[in-house]
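Per chain, numbering begins at 1; letters A, B, ... match sequence-line order. All of these numbers come straight from a predicted model, not from anything done at the bench.
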2 protein chains.
Amino acid sequence: MNETKPTSIRGSSRERILEAARALFHRQGFEATSFSDIAREAGIPRGNFYYHFKTKDEILRAVIARWRTRLEEALGQIERATPQPLERIHRMLAYPLEESETNVRYGCPLGSLVYELRKAEHPPQVWQEAVGLFDVLADWLAARLRELGWSAGPARLLALRALARLQGAILLASAYGDQGLLAAEVADLYDWIRHQRPQENAP
Amino acid sequence: MNETKPTSIRGSSRERILEAARALFHRQGFEATSFSDIAREAGIPRGNFYYHFKTKDEILRAVIARWRTRLEEALGQIERATPQPLERIHRMLAYPLEESETNVRYGCPLGSLVYELRKAEHPPQVWQEAVGLFDVLADWLAARLRELGWSAGPARLLALRALARLQGAILLASAYGDQGLLAAEVADLYDWIRHQRPQENAP
DNA sequence: GTCTATAGATTGATAGAC
DNA sequence: GTCTATCAATCTATAGAC
C-alpha cells in the first residue's frame, strides 16, 4: 500500500496492470480472468508483473483498494457539488447510470465481485475487504439520512435497504439487458427514499 | 464432512451428475467448478460422464432446466397450499429463507448464476435460458397480483420490482453473511407489496 | 454403459539473463 | 525494472478397452 519511494512516478506498469485487472474483473469476473488476459490488456509481457504482484490475490486486493479510492472520490465530488442531502442521495443513486451500458452488460462491479468472492475460497480478509466497499456506500448514505434528521439506527437500516434495492435493480437490469429498467428502478428508488419517514422504521 | 453414500435412490448416473453439478455451481460457481469436482461429488469417474454430457455447457443447460422444474414444482405446491393471493405471495417471497444458511453463504443460486453467465462468453441461448428462470418467478408473481385486481402492465412492473428487491436482499445478506438481514428484508418486502396500490404504478 | 489413459491447451507461478 | 523461457499442475475433452 505505502509507496516507499516517493521519487518514482506511480509506475506506469503497475498502474496499467491495475487498471487492466479492474476492467477485466468487471467484464469477465475474477476467476475467469487469467494473467495472460491482464498482460494482453495492459500491453505487458506475462511474466513481468510478478515483480509488482506476487500472487493473483494480491492483484485482487489492489483492485479492491482501487475501487475504494474511486468510490470515495466520487462521493466526495458529490458532496462538493451540492450541500443538499436529498440531492446528494439522488446523485449517488444515479451513479450506476453514468456507465449504464457497461453496468447493465456486466453487472455492478462491486456486487458481482462480492458475489463471486463469497463462493471461492479466498482468505477471509480478501472478501471482507470487498464487502467493505458496501460499507463505504452504506455509511455515506446513512450520514446523508442523518443530515435529514434520521437517528443512527434507522438511518443505517434504510441505507442498507436502499443499497439492496440498488443492487437488485442492477442485477435484474443486467439479466434482462435492459438499461431502461435500471433507469426506472433508480428513479423509483429515489422517490421511495424521499417518502420514507424515520418513525416508520424506528424499533 | 458430509460423506454421503452413493446408495441413494437416485441411482442413475445422469441424475447424480446433475444434482452434483447443481449444488457445486451454487457453492463454487460455474467457471470454478471442474469436471473433477463434479465427478468427486457424484462418485463417478471423470471421463465417464462425457457419455451423458458432451460439453460443460450441456451440463449447464441441464442444470438450468433442472432449476426450472424445481421452481415450477415449488410454485405449484404453494398454489395447492393456499388459494389466497397474498398468502401465496408471502410464501413465495419467504422461499429463499427455507435454505437461508446456504443462500446467505453462497448467494441466490439463480441470481449468482445469471450474474456469472452474463460475464462469460456463452452462446446467447444459454444465458437466456438462465434469465428465463427469472421470468418463471416474475410471471407467477404478476399472475398473483392480477388475482388481486391489478392489470397486466402494472402487475408485471411490480413483480419485477419485487424480484429485484428480493435479489438485492439476498446479495447484501450474502455479502455481510447475515441471515437476520435477509429475514428482515423479506418481511419488509412483503409488507411493502401489501401496501402497494395499482393506480400508483399505472402510467 | 462404465471406466482408464491421455491428449492438447492453459493455468498461476518461478528463475534468471539483460 | 523489464522481459524470455519454462515449470508443474490443472483444465476440458477424446479414444478406446472392457
Does anything in residues 113-130 of chain B reach DNA chain C, meaning a heavy atom under 4.0 Å, and if so which residues? none
So, A:Glu79 versus A:Trp140: side-chain donor-acceptor pair below 3.5 Å or not? yes
Just by distance, no angles: are the side chains of A:Asn103 and A:Ser100 close enough, under 3.5 Å, to form a donor-acceptor pair? no
Taking the side chain as C-beta and beyond, is there a heavy-atom pair between A:His195 and A:Asp191 under 4.5 Å? yes
Taking the inter-plane angle between the rings of B:Phe134 and A:Tyr176 on a 0 to 90° scale, is it parallel (under 30°), tilted (30 to 60°) or perpendicular (over 60°)? tilted
Test side chain to side chain contact (heavy atoms under 4.5 Å, CB included) applied to A:Glu185 - qualifying residues, sequence neighbours left out: A:Arg165, A:Ala169, A:Leu181, B:Arg161
Taking only residues two or more places apart in sequence or in another chain, which ones pass side chain to side chain contact (heavy atoms under 4.5 Å, CB included) with B:Pro83? none
Between A:Lys54 and A:Ala32, which has a closest nucleotide on DNA chain C that is more 5'? A:Ala32
Is the shortest side-chain N/O distance from A:Ser36 to OP1 or OP2 of C:dT11 below 4.0 Å? yes
Short side-chain N/O contact to D:dC11 OP1/OP2 from B:Ser34, under 4.0 Å: yes
Write down the distance between [atom1] ([X]) and [atom2] ([N]), rounded to a whole number of angstrom.
X: B:Lys56; N: D:dT10; atom1: NZ; atom2: C1'; result: 12 Å
X: A:Tyr50; N: D:dC7; atom1: OH; atom2: C1'; result: 12 Å
X: B:Ile38; N: D:dT12; atom1: CD1; atom2: C1'; result: 11 Å
X: B:Phe53; N: C:dG1; atom1: CZ; atom2: P; result: 13 Å
X: B:Phe30; N: D:dT12; atom1: CZ; atom2: P; result: 9 Å

Could you list all N or O pairs between the protein and nucleotides 2-6 of chain C that sit under 3.5 Å apart?
residue: C:dT2; atom: OP2; partner: B:His52; partner atom: NE2; Å: 3.4
residue: C:dT6; atom: O4; partner: B:Arg46; partner atom: NH2; Å: 3.3

Partner set under ring pair (Phe, Tyr, Trp, His ring centres under 6.0 Å) for A:Tyr50, not counting sequence neighbours: A:Phe35
Applied to residues 88-107 of chain B, the salt bridge (Lys or Arg N to Asp or Glu O under 4.0 Å) test, sequence neighbours excluded, yields B:Glu87-B:Arg91, B:Arg88-B:Glu147
Charged N to carboxylate O under 4.0 angstrom, A:Glu31 versus B:Lys119? no
